[in-house]
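Note that the structure is a prediction, hence the values are computed from the model and not measured.
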Amino acid sequence: MMKKSMPVMAHLVLGYPTLAESLATAEQYIAAGCEILELQIPFSHPTADGPVITQACRDAVEKNNVTVEDCLEAIAELRSRFPQQEIMVMTYLNRLFTFGIEAFTTALHDLHVTHLIVPDLPVDSPLAAKIMDEGIQLVPVVAANIRPERLYKLLALGFDFYYLMSDFKITGSGFSLHPQLQEIILVIRKKYPDARIGIGFGISTPEQVKLVTASADVAIIGSSLITARMEGRLEGYLAQLAG
């Protein structure tokens, strides 16, 4: 039985440690009540990610030879079994170019996936506009030390979900909240009251989830979940997060 939703956007790398096991992990996230699944299509050199996610990506690509097609088929399996679960896809630009931008956006439409996170794609670029024109919402990854003029430029593009970095660092680092975050959130809320905000990078404990969701909509957790899965304690860790 699916538990009550908890304000967590739970990340996993498709194909790690195997494709079948990543699907089983996604099912555990759903059963625990994670509000959003962030499913990463692996790339061998994920520049925005820390060592845990980087190694998971490399294992998926280099050891398991996981392809974009494999990942889309896995997402289709999840969608057929859990049609109401919100899913966001995350990947890197190289994977999109290799597969084909139009083919990829069409696949996301078919899977009823509306949001795409591409950390190395400037969301105000012509290519980003093309993806948005295809009806896919890009999710800007906003650095905690973003300049005001850059933030206002992003806001003018009308995104409906913002991924804020908790501090200026890579994923899996120690937890800290940049002092500028609250001001960024206030600016977004004033301009787009209905836009959702997630905060990620370094979140690992229930206390940190509560701290983050006091002002954001969801806490984004990746490295800690993957580590818990590697160490055979994922079920207990999810229960701890759910409280």
Side-chain angles (χ1 to χ4, degrees), residues 8-16 22-23 26 29 34-49 53 56-57 60-61 66-79 82-143 153-165 171 188 192 194-201 216-218 220-222:
V8 168
M9 179 166 161
H11 174 282
L12 64 79
V13 175
L14 289 165
Y16 176 81
S22 62
L23 282 173
Y29 289 179
C34 295
E35 187 173 321
I36 305 171
L37 294 187
E38 182 190 359
L39 304 181
Q40 180 167 355
I41 295 175
F43 176 54
S44 56
H45 294 81
T47 53
D49 292 307
I53 294 176
C57 283
V61 173
V66 170
T67 65
V68 174
E69 290 88 345
D70 293 332
C71 294
L72 293 173
E73 289 175 9
I75 297 169
E77 171 67 18
L78 284 174
R79 177 57 76 214
F82 306 99
Q84 301 305 314
Q85 175 65 46
E86 183 171 8
I87 295 172
M88 295 190 185
V89 168
M90 180 263 188
T91 193
Y92 285 85
L93 195 52
N94 178 280
R95 291 298 236 177
L96 295 186
F97 273 126
T98 302
F99 189 79
I101 302 295
E102 291 184 10
F104 193 81
T105 56
T106 297
L108 292 188
H109 276 299
D110 292 343
L111 294 168
H112 304 288
V113 172
T114 58
H115 288 78
L116 175 63
I117 304 166
V118 188
D120 57 345
L121 171 64
V123 291
D124 55 348
S125 65
L127 179 56
K130 180 179 179 181
I131 292 171
M132 297 276 280
D133 286 344
E134 295 293 328
I136 299 299
Q137 276 283 334
L138 287 171
V139 175
V141 179
V142 178
K153 185 176 182 181
L154 294 182
L155 286 172
L157 297 173
F159 300 104
D160 66 3
F161 192 101
Y162 292 82
Y163 185 138
L164 306 187
M165 296 166 59
T171 61
I188 294 172
Y192 294 108
D194 295 330
R196 290 180 295 165
I197 297 171
I199 296 178
F201 286 49
D217 296 288
V218 292
I220 304 168
I221 306 178

Quick one: salt bridge (Lys or Arg N to Asp or Glu O under 4.0 Å) partners of Asp124, sequence neighbours excluded? Arg150, Lys153
Residues two or more places apart in sequence or in another chain: which of them pass salt bridge (Lys or Arg N to Asp or Glu O under 4.0 Å) with Glu86? Arg196
Please collect all side chain to side chain donor-acceptor pair (under 3.5 Å) contacts where either partner lies in residues 126-139, sequence neighbours excluded, each pair once. none
Side-chain contact, heavy-atom cut-off 4.5 Å: [X] with [Y]?
X      : Y      : result
His109 : Ile136 : yes
Leu39  : Leu78  : yes
Leu72  : Phe99  : yes
Phe159 : His115 : no
Ile53  : His11  : yes
Glu38  : Tyr163 : yes
Cys71  : Val66  : yes
Tyr16  : Cys57  : no

Could you state the interatomic distance from [atom1] ([X]) to [atom2] ([Y]), rounded to the nearest 0.5 Å?
X      : Y      : atom1 : atom2 : value
Ile75  : Asp70  : CD1   : CG    : 11.0 Å
Phe161 : Asp194 : CZ    : CG    : 14.0 Å
Ile117 : Met88  : CD1   : CE    : 6.0 Å

To check you understand the geometry: which heavy-atom pair defines the closest contact between [X] and [Y], and what is its length?
X      : Y      : result
Pro119 : Met90  : CG-CE, 3.6 Å
Ala10  : Cys34  : CB-SG, 3.8 Å
Ile220 : Gly198 : CD1-C, 3.7 Å
Leu157 : Val123 : CD1-O, 3.8 Å

Once side chain to side chain contact (heavy atoms under 4.5 Å, CB included) is applied, do any residues pair with Leu93, and if so which ones, sequence neighbours excluded? Leu96, Phe97, Val118, Asp120, Leu121, Leu127
Leu155: side chain to side chain contact (heavy atoms under 4.5 Å, CB included) partners, not counting sequence neighbours: Leu151, Tyr152, Tyr162, Val187, Ile188, Lys191, Tyr192
When the side chains of residues 101-108 are checked against the rest of the protein, which donor-acceptor pairs come out under 3.5 Å, sequence neighbours left out?
residue : atom : partner : partner atom : Å
Thr105  : OG1  : Ile101  : O            : 3.3
Thr105  : OG1  : Glu102  : O            : 3.0
Thr106  : OG1  : Glu102  : O            : 2.9

Short side-chain to backbone donor-acceptor contact, Arg95 and Phe43, under 3.5 Å: no
If you draw a 6.0 Å radius around CD in Gln84, do more than 12 non-hydrogen atoms from other residues or ligands fall strictly inside? no
